[in-house]
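To start, the structure under review is shown below, and the notes come after it.
Remember, it's 1-based here, ligands and their atoms both numbered in the order they're listed.
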Amino acid sequence: MITLPKGTKDVLPEESFKWHYLENKIRGVCDRFGVKEIRTPTFEHTELFLRGVGETTDIVNKEMYTFDDKGGRSMTLKPEGTAGVARCFAENGLDNAPQPTKMYYLTSVFRYEKPQSGRLREHHQFGVELYGSASPYADAEVISIARRFLNEVGVDKLTLHLNSIGCSECRKEYSKALVAYFRSFEDQLCPTCQERLNKNPLRLLDCKVEECKRIAEKAPVVSDYLCDNCKEHQKKLCGALDALGIEYVLDPKIVRGLDYYTGTVFEFVSDAIGAQGTVCGGGRYNNLCEEIGGKSVPAVGFGMGLERLIMVMDNCGISFGEAPRRDVYIAPLGAEQYPIALKAIDELRKKGIRADTDISERSLKAQMKYADKCGYRFVVVLGEEEVRKGIVVVKNMRTKEQKECSLDDLSTIII
Ligand code: ATP
Ligand code: MG
């Protein structure tokens with residue numbers, strides 16, 4: 001048998017209601033925040049991610065699904081949602097509309113990772129992008145969208161870790177301090193970190209290797225190197241979060257794995273799903289739009305991993321609401337009754353009722369067993385006599401109560 005590719009997941013018909021539940025909540029919250037959906041292609045020119053995500057990141061170095069198309073162009077399946085949105089924003093001149101622009105996406109994300117709990121090769125993200133405001137209140141708005149959504153699905157125990165990695169000015173000094181510190185441990189670092197030391201020192205703080213993590217613990221912290229502007233930005237953001245009653249911890253160890261961040265970075269972390277506990281990560285990336293060839297537009301956003309969110313909800317016993325039940329099953333008894341049953345369910349469906357009949361030409365016994373197993377709320381047997389009189393018996397499957405009604409009035413009993 002052909003099996004599903006490693007690191008991917010099927011969503012079975014019995015589970016898809018969980019996804020619909022989350023997607024509906026996402027759309028509802030975004031609507032209230034004035035955030036509109038943006039949809040961009042599943043693949044983009046590889047160049048976009050090289051420039052947008054950054055050539056020294058894990059994503060670009062190790063994790064991209066890149067291929068040449070038949071025209072010899074290098075394409076890559078989205079390894080994150082932001083670069084495509086930034087491309088679309090610039091290409092369509094969306095900066096000409098009144099600013100700021102608030103957008104959200106729901107998308108598949110592809111990364112060639114070592115599959116493990118909470119780490120897939122195709123996962124799904126809900127992301128928000130706010131373009132055109134450099135104010136800390138825009139950061140607060142984005143964070144509060146994530147918090148509101150999480151609260152509304154009952155996930156209120158995630159901790160918000162907040163940090164600023166400074167602007168390019170404060171980062172110059174900080175990078176020097178980091179390099180000086182890590183140099184003294186150079187031979188104890190993993191090969192990747194040895195490379196990072198020369199190419200992208202900030203990434204040293206993001207390593208997942210135990211020994212590197214231990215060394216990173218005593219490294220200089222960025223908060224000691226922030227310029228006055230960056231300090232002021234963070235202070236205002238904290239004030240806004242306080243006013244909104246959004247709790248956070250200032251965590252100098254949060255640096256985020258993508259190149260494009262400037263200033264604010266944050267993560268929502270769960271302690272309920274093991275090592276891969278970051279459910280949502282985001283921050284500010286004021287240079288991204290320019291980096292990919294557009295105008296300079298300040299931007300802030302987040303990406304939230306929906307499989308990890310579902311894991312948190314499953315592990316904490318948080319409900320996804322009820323899977324919708326089928327309303328009524330009409331069981332035709334005898335071949336002549338089939339067209340009448342078909343017509344009857346068609347009328348019910350027009351009225352918004354979830355109605356079915358037998359489409360396998362099975363015995364009444366088999367039909368009743370099926371209807372019972374599938375959890376229909378009502379069952380109606382449609383025999384020759386019922387058709388002749390135009391009166392049917394409707395059985396409530398929960399209470400076992402039976403009621404007579406005319407075939408034409410079925411919907412009034414079922415609603
Ligand atoms: P990690 O540090 O766990 O590798 P990341 O920094 O690579 O995460 P982001 O690029 O910020 O993750 O993606 C945003 C969110 O998407 C993550 O917080 C996580 O919930 C989810 N995510 C990222 N990679 C995966 C994956 N391979 N499988 C499932 N979910 C993922
Ligand atoms: Mg990663």
Side-chain angles (χ1 to χ4, degrees), residues 4-9 11 19 22 26 49 52-54 56-65 76-86 104-129 142-143 145-147 149-150 153 155 158-163 165 192 196 200 202-209 212-213 216 251 253-261 264-285 288 300-315:
L4 93 169
K6 216 169 142 181
T8 63
K9 261 192 179 166
V11 176
W19 287 84
L22 292 179
I26 286 167
F49 303 115
V53 180
T56 61
T57 58
D58 280 355
I59 292 182
V60 168
N61 269 330
K62 304 187 237 163
E63 299 171 0
M64 293 213 299
Y65 275 92
T76 296
L77 303 182
K78 304 188 193 179
E80 51 87 67
T82 295
V85 173
Y104 77 95
Y105 58 80
L106 278 165
T107 187
S108 282
V109 169
F110 305 89
R111 296 183 187 178
Y112 196 81
E113 302 216 60
K114 190 163 164 253
Q116 52 192 291
S117 171
R119 216 173 265 296
L120 295 160
R121 290 186 175 169
E122 179 186 14
H123 72 275
H124 297 81
Q125 286 190 15
F126 156 43
V128 165
E129 306 277 327
V142 161
I143 290 174
I145 297 169
R147 180 87 274 175
F149 164 66
L150 290 168
V153 293
V155 181
L158 299 188
T159 315
L160 169 60
H161 294 249
L162 188 66
N163 191 23
I165 56 169
T192 318
R196 287 172 174 147
N200 194 342
L202 211 61
R203 190 69 14 81
L204 287 158
L205 300 173
D206 211 19
C207 187
K208 308 234 158 47
V209 177
C212 302
K213 273 211 253 184
D251 180 352
K253 291 279 165 332
I254 301 278
V255 291
R256 314 277 311 118
L258 291 75
D259 260 5
Y260 48 55
Y261 287 99
T264 305
V265 286
F266 61 87
E267 290 185 353
F268 285 89
V269 184
S270 165
D271 54 15
I273 51 171
Q276 266 62 253
T278 305
V279 173
C280 172
R284 185 164 271 289
Y285 26 91
L288 176 65
V300 55
F302 67 75
M304 185 180 296
L306 294 179
E307 281 84 357
R308 285 193 201 171
L309 179 65
I310 291 175
M311 276 170 77
V312 171
M313 292 175 72
D314 281 338
N315 289 1

Taking side chain as C-beta onward, heavy atoms only, is [X] less than 4.5 Å from [Y]?
| X | Y | answer |
| --- | --- | --- |
| E267 | N163 | no |
| M64 | I59 | yes |
| R203 | V255 | no |
| I310 | W19 | yes |
| R119 | K114 | no |

Taking atom 19 (C) of ligand 1 as the point of reference, which of V109, V312, T278 owns the nearest heavy atom? T278
Shortest reach to atom 14 (C) of ligand 1 by a heavy atom, considering only R111, Q125, H123, K114: Q125
Ligand 1 N/O within reach of V279 N/O, cut-off under 3.5 Å: yes
Hey, does R308 come in under 3.5 Å of ligand 1, counting only N/O atoms on both sides? yes
Can you tell which of F149, F126, Y104 makes a ring pair (Phe, Tyr, Trp, His ring centres under 6.0 Å) with F302? F126
Using heavy atoms and a 4.0 Å limit, tell me yes or no: is K208 in contact with ligand 1? yes
So the atoms of ligand 1 within less than 4.0 Å of a heavy atom of L120 turn out to be 26 (C), 27 (N), 28 (N), 29 (C)
For ligand 1, which atoms have a heavy atom of R119 less than 4.0 angstrom away? 1 (P), 3 (O), 4 (O), 26 (C), 27 (N), 28 (N)
